[in-house]
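One structure is given here, and the rest of the page talks about it.
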Amino acid sequence: MLDIKYIAENPEVIKEGLAKKGYTKEDIDIDALIALYKDINKLKTSSQALSEEKNKLSNSIKSASAEERPAIIAKSKQIGEELKVEQEKLAAEQEKFDMVMWRMPNMPSPESPVGKDDSENVVRRKVGELPKFDFTPRDHIELMELNDWSEMERIAKVSGSRTYAIKNDLAKLELAMHMMVLDKLRANGFTVITVPSISKEKPLYGQGYLPFSRDEVYYMPADDLYLSGTAELILNSLRADEILQENELPILYAGFSPCFRREAGAAGKDTRGLVRVHQFMKTEQFVICKNDVAESEKWHKKLLQISEEVLQDLELPYQVLEVCTGDMGAPKYRQYDLEAWVPSQNCYRETHSCSNITEWQARRTNLRYRDNADGKVKFVHTLNNTGIATPRALVPFIENHQNADGTINIPEKLRPYMGGVAKIGKNA
RNA sequence: GGAGAGUUGGCAGAGUGGUAAUGCAGCGGAUUGCUAAUCCGUCAUCGGGAAUACCGAUGCACAGGUUCGAGUCCUGUACUCUCCGCCA
């Protein structure tokens, strides 16, 4: 959500930002929005004048004589009727206004590359050497079958498509990755927190998932509850409506949760294996900091650095992508994606997504803090990034670290979490 | 699932139909001075206004209702606590 005063004062800046994000005048008409805002203010002023008159009359009744009262009450009632009409008009206009405001995307950073879709994202750097195999490498599905690590066909019968069941050392590896990342985040000052995957509707608006992507989220009508696609959803609303003290900031959460996604828009893509599933586990980095772009950009870089370290610790070659304005989601000010190399697909695949949301979510959740410098109440900035998401991260992991005999090498940094072993697999 | 109690500012906490006390913390200012206090203001949102002057509206969990007037009365909902029941 944006500040309507800023919009009214800088309509051209907003129009430019909307255009960069791929919005047309038909999507959001800024001039009409500002006109509506001015109308609403006029209505507010006139209905407030009525309220004032009514309040004065009501307050005068107590001290009025018995003879005076009926006339005052009659007048007050009449003003009440007028006021009701004004307020109904105001509520209708306000609803129209809110509808547009809830759909207004964040403005992109001036640093973000301008582009229309994912083809215009910019590779900032590539890190790590691509593996060279002196044998024909297997894809992750073959490796799982070879090592008795999965029950992919059976679980589809039980739970439907795009689900997974992995077992033995691969199941252990999945949890080990989360433990490794949680330890790293704790060492960086994050509070480790496990959160539910169940959410009421309001947090989905707070995050900015609704009203944009209703098709993507599981909904349980019997209880009017949703299944969370990421701990970001929960963490973003955990402190909603609070006014924090500045010295409580920054708040750093390392949130772990099962995550659920309908993948409605991904029909036909990645249907086999572990790349795209309806339920997965994610350790999420979430930051709440002061309302200062220099400060949140500093945290954005820090979050990116942590997740790069994760991929380096896992000894995976990856690239850092700066996401262009047209490919960013509505909430985002600036976004980096990390993509790890997947040998069987001969390309990089996304493992992390790192975003600075600035105050856009905080306005939606009404999360503020009192600034020490001027005593004013301001909206915080929020940021989020993947810590590690499994089973997707297992795909590049087992493919990059495979040997000719189907065993998988365990990088040194992960060994403490795997009982010290250097290699897993049937032939290990 | 059942019964009862509760929800007032950043926090604590009064207020049983007539303009939301007070304390603590924070911020700003003043004063005394000697390293701590005292006093004043401010301290939720919005509108008018050049304004950090001033005026006004809204705000007591949320949504309705009764009333000239609701924190206070009525209805519904959410949440918290206590007890009972069930349960991995």
Side-chain angles (χ1 to χ4, degrees), chain A residues 1-9 33-98 101-102 194-206 220-226 234 237-251 257-258 288-292 359 362-380:
Chain A
M1 186 158 290
L2 300 177
D3 180 5
I4 184 59
K5 283 185 193 157
Y6 182 83
I7 296 174
E9 282 161 20
L33 180 71
I34 294 171
L36 186 56
Y37 169 62
K38 288 184 174 158
D39 269 4
I40 286 173
N41 278 352
K42 270 187 212 148
L43 265 175
K44 273 188 185 163
T45 308
S46 61
S47 73
Q48 281 183 14
L50 283 174
S51 287
E52 183 182 353
E53 204 182 338
K54 188 160 167 282
N55 287 345
K56 280 186 180 149
L57 285 172
S58 282
N59 291 333
S60 72
I61 285 173
K62 201 188 171 192
S63 54
S65 67
E67 301 83 70
E68 292 169 324
R69 280 187 188 185
I72 298 172
I73 288 172
K75 177 78 180 160
S76 184
K77 261 187 170 169
Q78 180 213 324
I79 293 172
E81 294 300 314
E82 286 174 49
L83 187 58
K84 207 177 165 191
V85 173
E86 290 256 305
Q87 280 172 342
E88 273 164 15
K89 226 191 297 178
L90 182 60
E93 300 255 286
Q94 186 73 45
E95 201 187 327
K96 264 197 276 179
F97 177 79
D98 289 344
M101 289 302 281
W102 280 101
T194 63
V195 296
S197 305
I198 294 171
S199 176
K200 297 183 184 187
E201 187 174 71
K202 205 173 165 193
L204 282 104
Y205 279 94
M220 299 175 286
D223 301 291
D224 194 22
L225 291 168
Y226 295 80
I234 308 297
S237 280
L238 194 60
R239 313 298 294 266
D241 297 312
E242 292 187 31
I243 299 179
L244 306 166
Q245 300 297 329
E246 184 181 324
N247 54 19
E248 293 178 66
L249 301 175
I251 294 172
S257 75
I288 301 170
C289 75
K290 286 200 298 182
N291 189 313
D292 173 18
E359 66 177 37
R363 281 185 178 274
R364 294 164 89 91
T365 57
N366 196 30
L367 173 53
R368 296 166 295 169
Y369 71 103
R370 199 177 297 281
D371 191 296
N372 282 343
D374 54 18
K376 292 238 170 74
V377 173
K378 297 176 180 172
F379 291 101
V380 298

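Below, chain A is the first sequence line, B the second, and so on; all start at residue 1.
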Dump every N/O contact between nucleotides 16-27 of chain B and the protein below 3.5 Å, one line per pair.
residue: B/rG18; atom: O2'; partner: A/K62; partner atom: NZ; Å: 3.0
residue: B/rG18; atom: N2; partner: A/S58; partner atom: O; Å: 2.6

N/O to N/O distances under 3.5 Å, protein versus nucleotides 48-50 of chain B:
none

Taking only nitrogen or oxygen atoms into account, show me every contact under 3.5 Å that the protein makes with nucleotides 57-60 of chain B, one pair per line with its distance.
residue: B/rA57; atom: OP1; partner: A/N55; partner atom: ND2; Å: 3.2
residue: B/rU58; atom: OP2; partner: A/N55; partner atom: ND2; Å: 3.1

Hey, what are the protein-to-nucleotides 71-76 of chain B N/O distances that come in under 3.5 Å?
none

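Separating the P atom of B/rA21 from that of B/rC43 is a span of 13 Å, rounded to the nearest Å. For the P atoms, the distance from B/rU8 to B/rC62 is 10 Å, rounded to whole Å. Taking atom P in both B/rU58 and B/rU19, the straight-line distance is 14 Å, to the nearest Å. Rounded to a whole angstrom, the distance from the C1' atom of B/rU42 to that of B/rA25 is 14 Å. Taking atom P in both B/rG13 and B/rG17, the straight-line distance is 23 Å, to the nearest Å. Nucleotides B/rA44 and B/rU82 place their C1' atoms 32 Å apart, quoted to the nearest Å. Atom name P, nucleotides B/rC27 and B/rU80: the rounded distance is 34 Å, in whole Å. Taking atom P on both nucleotides, B/rA14 is separated from B/rG9 by 13 Å, rounded to a whole Å.
For the side chain to side chain donor-acceptor pair (under 3.5 Å) test, residues two or more places apart in sequence or in another chain that qualify with A/R363 are A/E359. Under the rule for a side chain to side chain contact (heavy atoms under 4.5 Å, CB included), the partners of A/K38 that lie at least two apart in sequence or sit in another chain are A/I34. Remark: A/E246 pairs with A/K290, A/Y369, A/D371, A/N372 by the side chain to side chain contact (heavy atoms under 4.5 Å, CB included) rule, at least two apart or across chains. With sequence neighbours left out, the side chain to side chain contact (heavy atoms under 4.5 Å, CB included) criterion links A/D241 to A/K202, A/N366.
Checking the phosphate oxygens (OP1, OP2) of B/rU45, a side-chain nitrogen or oxygen of A/R368 falls inside 4.0 Å. At the phosphate of B/rG47, OP1 or OP2 sits under 4.0 Å from a side-chain N or O atom of A/K5.
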Result block: side-chain N/O donor-acceptor pairs under 3.5 angstrom for residues 71-84 of chain A, not counting sequence neighbours:
residue: A/Q78; atom: NE2; partner: A/E82; partner atom: OE2; Å: 3.1

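Taken together, the paired segments of RNA chain B that extend over three or more consecutive Watson-Crick or G-U pairs, each closer than 3.5 Å at both contacts, are B:1-7 with B:78-84, B:10-12 with B:22-24, B:26-32 with B:36-42, B:44-48 with B:54-58, B:61-65 with B:73-77.
Residue pairs satisfying the salt bridge (charged side-chain N to carboxylate O under 4.0 Å, His left out) criterion with at least one member in residues 88-97 of chain A, sequence neighbours excluded, are listed as follows: A/E93-A/K96.
A/K376 comes within contact range of no nucleotide atom at all, as no heavy-atom separation falls under 4.0 Å.
Across the protein-nucleic acid pair, A/L244 atom CG and B/rA44 atom P stand 15 Å apart, rounded to whole Å. Counting to the nearest Å, the P atom of B/rG56 and the CD atom of A/E86 are 20 Å from each other. Regarding A/Q87, its CD atom lies at a distance of 18 Å from the P atom of B/rC46, rounded to whole Å. Rounded to whole angstrom, the span from the CG atom of A/D3 across to the P atom of B/rC46 amounts to 9 Å.
Here the CE-CD1 distance, from A/M220 to A/I198, works out to 5.0 Å after rounding to the nearest 0.5 Å.
Of the possible donor and acceptor atoms, none in the side chain of A/R370 sits under 3.5 Å from a partner among the backbone N and O of A/I243.
The stretch residues 71-80 of chain A touches RNA chain B through A/I73, A/S76, A/K77, each having a heavy atom under 4.0 angstrom from the strand.
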